[in-house]
Structures are given as structure tokens and as C-alpha cells.
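The structure under discussion appears below in the form of C-alpha cells.
Chain A is the first sequence line, chain B the second, and so forth, proteins listed ahead of strands; every chain is numbered from 1.
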Number of protein chains: 2
Amino acid sequence: MVSLDKTDLKILQVLQAEARITNQDLSERVNLSASSCLQRVRRLEQAGVLMSYHSRINLPLICRHIVCIATVSLKNHSQQDFREFEQLVKSTPEVVECYTVSGEFDFFLKIICPDMNQYLKVNDALVSSANRSITINTHVVMNQNKYFEGLDLGKLTSE
Amino acid sequence: MVSLDKTDLKILQVLQAEARITNQDLSERVNLSASSCLQRVRRLEQAGVLMSYHSRINLPLICRHIVCIATVSLKNHSQQDFREFEQLVKSTPEVVECYTVSGEFDFFLKIICPDMNQYLKVNDALVSSANRSITINTHVVMNQNKYFEGLDLGKLTSE
DNA sequence: CTTGAAAAATTTAAGAA
DNA sequence: TTCTTAAATTTTTCAAG
């Protein structure tokens with residue numbers, strides 16, 4: 001567990017939502033000189049706290065596509081079967097996120113495809129990937145009401 | 001629908017996964033001069049194609065927390081009830097993503113809390129927010145196997 | 001829509017507190 | 001850890017193709 005002071009948290013808070021801010025502007029926001037701000041950012045990167053920087057793209061604006069969320073249950077709960085399924089997921093580019101969960105399902109997948117035809121192919125590949133039984137339930141996303149915009153690190157790290 | 005050429009797609013492809021790349025490096029990657037590369041990036045921002053830039057933070061490294069995925073079904077499917085629920089979700093910081101879906105559920109939520117105690121509070125707030133009936137099913141995330149790293153825009157936009 | 005050059009701004013390393 | 005300073009680099013504008 002890396003320990004961070006308030007200034008580090010402020011830096012992370014800003015970078016979560018404005019990753020392309022200049023170091024100079026960032027330093028003003030957190031009341032630091034540009035050089036010590038940069039030093040902290042580099043340290044956070046090296047420590048693995050800042051993992052990567054991404055752009056959000058307005059996909060509906062540039063192409064037709066469908067987003068689905070699929071629940072997955074494996075009949076056989078052996079480590080081997082889990083690993084194999086995870087491997088398959090990792091090598092399937094249409095699956096953009098995958099969570100292992102407790103409860104009535106084993107996995108949640110988020111899948112993005114150009115059209116339903118391609119989705120069916122991905123689905124088939126997941127189902128018939130091996131000879132083990134698997135139940136996949138698909139939910140087509142009709143609207144995304146809330147996008148991830150960064151966590152409230154103050155709340156999460158307080159206490 | 002905004003129409004993009006191959007160079008625009010390359011720019012988006014790079015920025016999705018390396019949002020803090022310098023414009024100069026980006027221009028080399030896409031075989032353009034720095035100035036025309038910058039011009040394209042600004043145009044993509046103005047057109048709303050590039051929406052925002054985010055950092056991924058290694059949360060397990062800096063604090064204890066739990067991630068849950070919840071399925072939600074409303075008993076009453078009136079527009080009014082949907083809107084009210086969406087409003088509640090938007091004003092609840094622990095809910096970091098929300099999808100309206102077709103099928104057996106109405107919404108999928110991703111929720112991040114410092115601990116289970118706080119999760120229960122959020123859950124209660126969602127359930128008892130109003131006098132309408134709602135079914136929430138919680139799945140604790142045990143592992144995230146695949147993170148969003150950027151779409152393959154070539155595949156999505158081809159044809 | 002591009003390039004290339006010049007000006008403005010930022011990043012980054014070094015030295016001192 | 002911080003800051004200041006200064007050199008290196010990058011961003012940004014603009015004239016011209």
C-alpha cells in the first residue's frame with residue numbers, strides 16, 4: 001500500500017478527470033511549483049499509482065455500433081475452467097471489460113461490436129470455445145446514463 | 001455523424017491508450033507535421049469526438065475498497081420512474097457507471113465504496129429512494145480480468 | 001489540408017534552501 | 001521535499017504552398 005499525502009491525492013483527483021492538463025496548470029491547482037509537481041507525478045507513475053492515460057471517444061458520433069453487457073455462468077467451477085475463460089476473454093478484442101463476481105453469475109462482460117451480426121459471432125465463440133457448459137445472458141445497452149469521471153479519492157482514502 | 005479519414009482514426013487510436021503523449025510524438029506516429037497534427041486534434045475535440053481525458057488509478061494500491069456490480073429492475077416501467085431513478089444515480093457519487101439495458105433487468109450499475117457498510121447505505125438509498133418497487137441484486141467484484149484499453153476503431157468503422 | 005519557421009509556453013534538470 | 005533558475009523541448013500561430 002503506497003501512502004499518499006493530501007497533495008498527491010489532489011494531483012490524482014485532477015488527473016483522473018483532466019489527464020491532458022499541462023503540468024504548469026496542474027501545479028497551480030495543487031499549490032506547488034511546476035518542478036515539484038512534476039516530480040510528484042513522476043513518482044506516482046513510477047509507483048504504479050498512475051497506471052495509464054486514456055481519451056474518451058464519442059463513439060456514436062463516428063460509427064454505428066452496439067454495446068452489450070453479458071452475464072456469464074460456468075457450470076464447472078474449476079480453476080482451470082476459469083483461467084481458460086479469462087484467457088479467451090483477453091484475446092477477444094470485442095470484450096472490452098471483464099469482471100469476476102460473486103453471486104448468481106461468475107462474470108460480467110462489456111462487449112462492443114459494429115453490429116448484432118458480429119455480436120452473435122463473438123457470443124458463439126465464447127459459448128462454443130470449449131466443451132464445457134456455459135450460460136451467457138446478453139443485455140443490449142440502450143443508454144449509458146452515467147460515465148466514469150473519476151473517483152472521489154478524498155472519501156475513499158479518509159479515515 | 002462526423003466523418004473521419006484514416007489519419008483521424010490513427011490519432012484517436014493512439015490517444016485512446018496514451019492520452020498524455022506529446023503532440024510531437026503523436027505527429028510522428030501518424031506521419032504528420034506537428035502543426036497539422038495539433039490542428040486535427042483540436043478539430044476532433046471541438047467536434048466532440050474527443051470528449052475527455054482520464055487517468056487510470058491503481059486503487060487497490062492506495063486504499064481498501066469494494067467494487068460491486070448491481071442489476072436493477074423497476075416494477076413500474078413509466079418514463080417518470082426511469083427518469084427519477086437515473087437522477088438518483090447521477091447524484092450518488094458511489095455509482096460510477098450506469099447503463100439502461102434491455103432484457104430481464106432495467107439497469108446495470110457499477111458502484112465503488114470504501115467498505116461494505118457504506119455499500120449497504122448506498123443500496124438502501126437506492127432501494128428506499130421512493131415509494132416504488134425496485135429489485136436490486138448485488139454482485140461483489142472479486143477480480144477485474146480485463147480493463148478498457150481503447151477500441152479497435154479500424155474494425156468498428158470499416159465498411 | 002499541408003509544411004516549416006518563429007514566437008510563446010512548458011517541461012525538465014540542477015543547485016540551493 | 002521544496003523552490004528558483006535556466007536550458008531543452010514542445011506547443012501554437014501564421015504565412016505560404
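- One can place CD of Gln24(A) at 12 Å from P of dT12(D), the figure rounded to the nearest angstrom.
- For Gln118(A), the side-chain hydrogen bond (donor to acceptor under 3.5 Å, both in side chains) partners two or more places apart in sequence, or in a different chain, are Glu94(A).
- Looking at Lys10(A), its side chain never comes within 3.5 Å of a backbone N or O of Asn31(A) through a donor-acceptor pair.
- When atom types are taken as modelled, the side chain of Lys110(B) and the backbone of Val96(B) share no donor-acceptor pair closer than 3.5 angstrom.
- Summarising the geometry, the separation between CG on Asp25(B) and P on dT9(D) is reported as 12 Å, rounded to the nearest angstrom.
- By the side-chain hydrogen bond (donor to acceptor under 3.5 Å, both in side chains) test, Ser27(A) is found to be paired with no residue, residues two or more places apart in sequence or in another chain being considered.
- With sequence neighbours excluded, the residues forming a ring pair (Phe, Tyr, Trp, His ring centres under 6.0 Å) with Phe107(A) are Phe82(A), Phe85(A), listed by chain and number.
- Among residues two or more places apart in sequence or in another chain, the side-chain hydrogen bond (donor to acceptor under 3.5 Å, both in side chains) test is passed with Asp5(B) by Arg40(B).
- Not a single donor-acceptor pair under 3.5 Å links the side chain of Asn137(A) to the backbone N or O of Thr71(A).
- The ring pair (Phe, Tyr, Trp, His ring centres under 6.0 Å) test applied to Tyr53(A) returns no partner, not counting sequence neighbours.
- Scanning for ring pair (Phe, Tyr, Trp, His ring centres under 6.0 Å) contacts around Tyr119(A) gives an empty result, with sequence neighbours left out.
- Residues satisfying the salt bridge (Lys or Arg N to Asp or Glu O under 4.0 Å) criterion with Arg42(A), sequence neighbours excluded, are Glu45(A).
- The C1' atoms of five pairs define one axis at each end of the helix from dC1(C)-dG17(D) to dA17(C)-dT1(D), and these two axes lie 30° apart (to 10°).
- Of the residues in residues 27-40 of chain B, Ser35(B), Leu38(B) come within less than 4.0 Å of DNA chain D through at least one heavy atom, sorted by number.
- For Gln46(B), the CD atom sits in a loose shell: 12 or fewer heavy atoms of surrounding residues, nucleotides or ligands are nearer than 6.0 Å.
- Taking atom CG on Asn23(A) and atom C1' on dA8(D), their separation rounds to 15 Å, with Å as the unit.
- Nucleotides of DNA chain C with any atom under 4.0 Å from a heavy atom of chain B span, from 5' to 3', dC1(C) to dG4(C).
- For the segment residues 9-19 of chain B, no residue has any heavy atom less than 4.0 angstrom from an atom of DNA chain C.
- At a threshold of 4.5 Å between non-hydrogen side-chain atoms, the residues Asp81(A) and Lys75(A) do not count as touching.
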Set out, line by line, the N/O atom pairs under 3.5 Å between protein and nucleotides 15-17 of chain D.
none

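- Side chain to side chain, Glu28(A) and Gln24(A) fail the donor-acceptor criterion of an N or O pair below 3.5 Å.
- With rounding to the nearest 0.5 Å, the separation of CE in Met142(A) from OG in Ser102(B) is 6.5 Å.
- You'll find the side chain of Leu4(B) stays beyond 4.5 Å of the side chain of Thr157(B), heavy atoms only.
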